[in-house]
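Below: the structure, in structure tokens.
Atoms within each ligand, like the ligands themselves, are counted from 1 in listed order. Because only heavy atoms are used, hydrogens play no part in the values below, and waters and symmetry mates are left out as well, while side chains stay in.
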Amino acid sequence: MSSIKVGLLGLGVVGGGVWKVLNTNAEEIARRAGRCIEVSVAAVRDVDKARRLVGDSLKIVDDPMLVVRDPDIDIVVELIGGDTLARELIMEAIAQGKHVVTANKALLAEHGNEIFQAARDRGVMVTFEAAVAGGIPIVKAIREGLTANRIEWVAGIINGTTNFILTQMLAQGQSFDEALADAQRLGYAEADPTFDIEGIDAAHKLSLLASLAFGIPVQFEKAYTEGITNLAQEDLAHAERLGYRVKLLGITRRRPEGIELRVHPTLVPADSMLASVQGAMNAVLVRGDVVGPTLYYGQGAGDMPTASAVIADLVDVTRLQAADPGHRVPYLAFQHDAMDDTPVLEMADVVSSYYLRLRVQDRPGVLADIARLLADVGISIGSMFQEPYGDNEAEIIFLTHQAREGDIDSALQRIAGLPFVHSGVTRLRVESLL
Ligand code: NDP
Ligand code: HSE
């Protein structure tokens with residue numbers, strides 16, 4: 001059978017990896033796909049640089065629209081990134097009747113509903129395994145492996161850069177800036193690393209996971225997003241002392257009132273599986289009502305792991321290309337007419353346990369007053385410890401039992417107004433994920 005023809009948009013970290021693996025593992029991949037997968041053309045900005053990478057063996061152009069409109073191309077692989085040019089290119093590829101593979105979570109989080117609708121109307125596939133958790137086949141696991149389940153929640157370390165930074169800060173004593181520079185050098189970080197450190201990249205991925213898990217439209221704009229830039233070293237240390245480790249988690253949970261969709265630094269038990277995920281590794285826990293908890297672990301970023309996921313999609317598209325569109329796997333796991341409109345909950349309605357740290361005057365009655373304000377809104381303290389701070393102040397750390405975030409907010413507002421409270425209240429969420 002003739003080879004299937006691929007047009008690569010981008011030959012950077014991921015595009016370069018895809019090119020390399022399609023060559024080194026060509027035979028094994030063809031045995032799986034049933035046909036050779038051949039890259040016919042690639043588009044980049046700097047043709048000379050690309051030439052140094054791939055030699056003369058590949059046609060290189062500097063206008064990606066030429067690739068998208070090339071009548072010989074069957075599959076367009078978008079590895080440019082961003083949500084303007086990439087969106088135009090993907091929409092044009094779809095209009096041209098081409099299948100699309102992308103690693104671009106930012107684009108799908110912002111415009112996924114529109115892109116999947118256009119692809120459905122045109123009868124082409126759009127696949128995105130590499131967009132979530134790099135080399136881990138989590139999209140396929142949720143979309144195909146767990147279809148018997150009503151999924152209860154998904155929680156994971158889904159940004160390699162921030163996990164790398166937190167690991168380096170805790171284990172190697174590196175500063176935040178040093179660790180971020182290393183993550184950039186290693187090719188983990190986004191073109192704009194703010195997306196990583198402010199939790200935006202994780203929220204992009206989480207909104208895709210929520211759609212796959214619960215059959216809701218992609219709703220990145222409703223995700224609560226808090227990154228790691230305001231985390232203090234002392235909170236990492238206090239968490240350890242309490243038997244926890246701080247990780248940037250994406251959590252989406254189905255509750256009777258709606259769906260939680262949130263990314264934030266989280267204390268997880270130090271002996272839990274997520275706590276042991278180090279460096280740029282990712283891990284995703286999925287709890288289904290039938291299967292119980294399942295864990296997926298692997299490299300979440302970098303050229304080779306991401307190429308692995310892109311090529312898995314290429315093989316899937318190659319295998320299913322001739323299938324009737326109605327018999328292909330739905331883009332977001334659920335049949336289009338079975339998607340539902342369960343609301344995404346406001347953060348005030350999220351339920352979690354909390355870590356609270358504040359500095360107070362060290363005198364009788366202070367603890368009792370704080371405990372009273374928490375109790376007034378039904379919040380119960382699980383544990384606490386106190387450390388002297390200077391001559392007549394103390395730092396108090398509380399762990400609460402589960403509470404509604406809106407109740408914590410109103411208690412903290414009142415606590416911050418007490419005359420003997422000498423600092424803001426640091427608040428981190430705590431999850432046991434059982
Ligand atoms: P890079 O910046 O390394 O590569 C981008 C590529 O796109 C380069 O080859 C660049 O060309 C090309 N490009 C950019 N703009 C244009 C343009 N206007 N016309 C033609 N070519 C263009 O990015 P990555 O490979 O790291 O990321 C690509 C995508 O994969 C992003 O969506 C990212 O979020 C996603 N992703 C990345 C992961 C990673 O570990 N890096 C992991 C998972 C997903 P030139 O080289 O000439 O500048
Ligand atoms: N910047 C991303 C990360 C790349 O650090 O996880 C993988 O999506």
Salt bridge present between Glu405 and Arg262 (N-O < 4.0 angstrom): no
Distance-only donor-acceptor check, side chains Asp340 and Thr342, under 3.5 Å: yes
Lys205 and Asp201 ion-paired at < 4.0 Å: yes
Non-hydrogen side-chain atoms of Thr161 and Leu180 separated by less than 4.5 Å: yes
Whether Tyr355 and His238 hold their rings parallel, tilted or perpendicular, with breakpoints at 30° and 60°: tilted
Residue and atom name of the nearest protein heavy atom (relative to atom 5 (O) of ligand 2), distance in Å to one decimal: Thr161 OG1, 2.6 Å
Ionic contact status for Glu152 with Arg253, cut-off 4.0 Å: no
Neighbouring protein residues of ligand 1 - any heavy atom closer than 4.0 Å: Gly10, Leu11, Gly12, Val13, Val14, Ala43, Val44, Arg45, Asp46, Lys49, Pro64, Leu79, Ile80, Gly81, Leu85, Ala103, Asn104, Lys105, Ala130, Gly187, Glu190, Ala301, Gly302, Thr306
For atom 8 (O) of ligand 2, closest protein heavy-atom neighbour: Lys105 NZ, 2.5 Å
Any N or O of Asn282 closer than 3.5 Å to N or O of ligand 2: no
Pair Glu110 + Arg87, salt bridge at N-O below 4.0 Å: no
Note: Lys140-Asp316 ion pair, threshold 4.0 Å (strictly below): yes
Leu53 versus Gly16, closest heavy-atom pair with distance: CD2-CA, 4.1 Å
Taking atom 7 (C) of ligand 2 as the reference point, the nearest protein heavy atom with its distance: Gly300 O, 3.2 Å
Geometric cation-pi criterion Arg359 and Tyr389, 6.0 Å radius, 45° cone: yes
Shortest protein contact, atom 6 (O) of ligand 2 (heavy atom only): Gly160 N, 2.7 Å
Ala189 touching ligand 2 at heavy-atom level, < 4.0 angstrom: yes
Asp201 contact mode with ligand 2 (heavy-atom cut-off under 4.0 Å): side chain
Closest to atom 2 (C) of ligand 2 (judged by heavy-atom distance), picking from His204, Gln299, Gln184, Glu190: Glu190
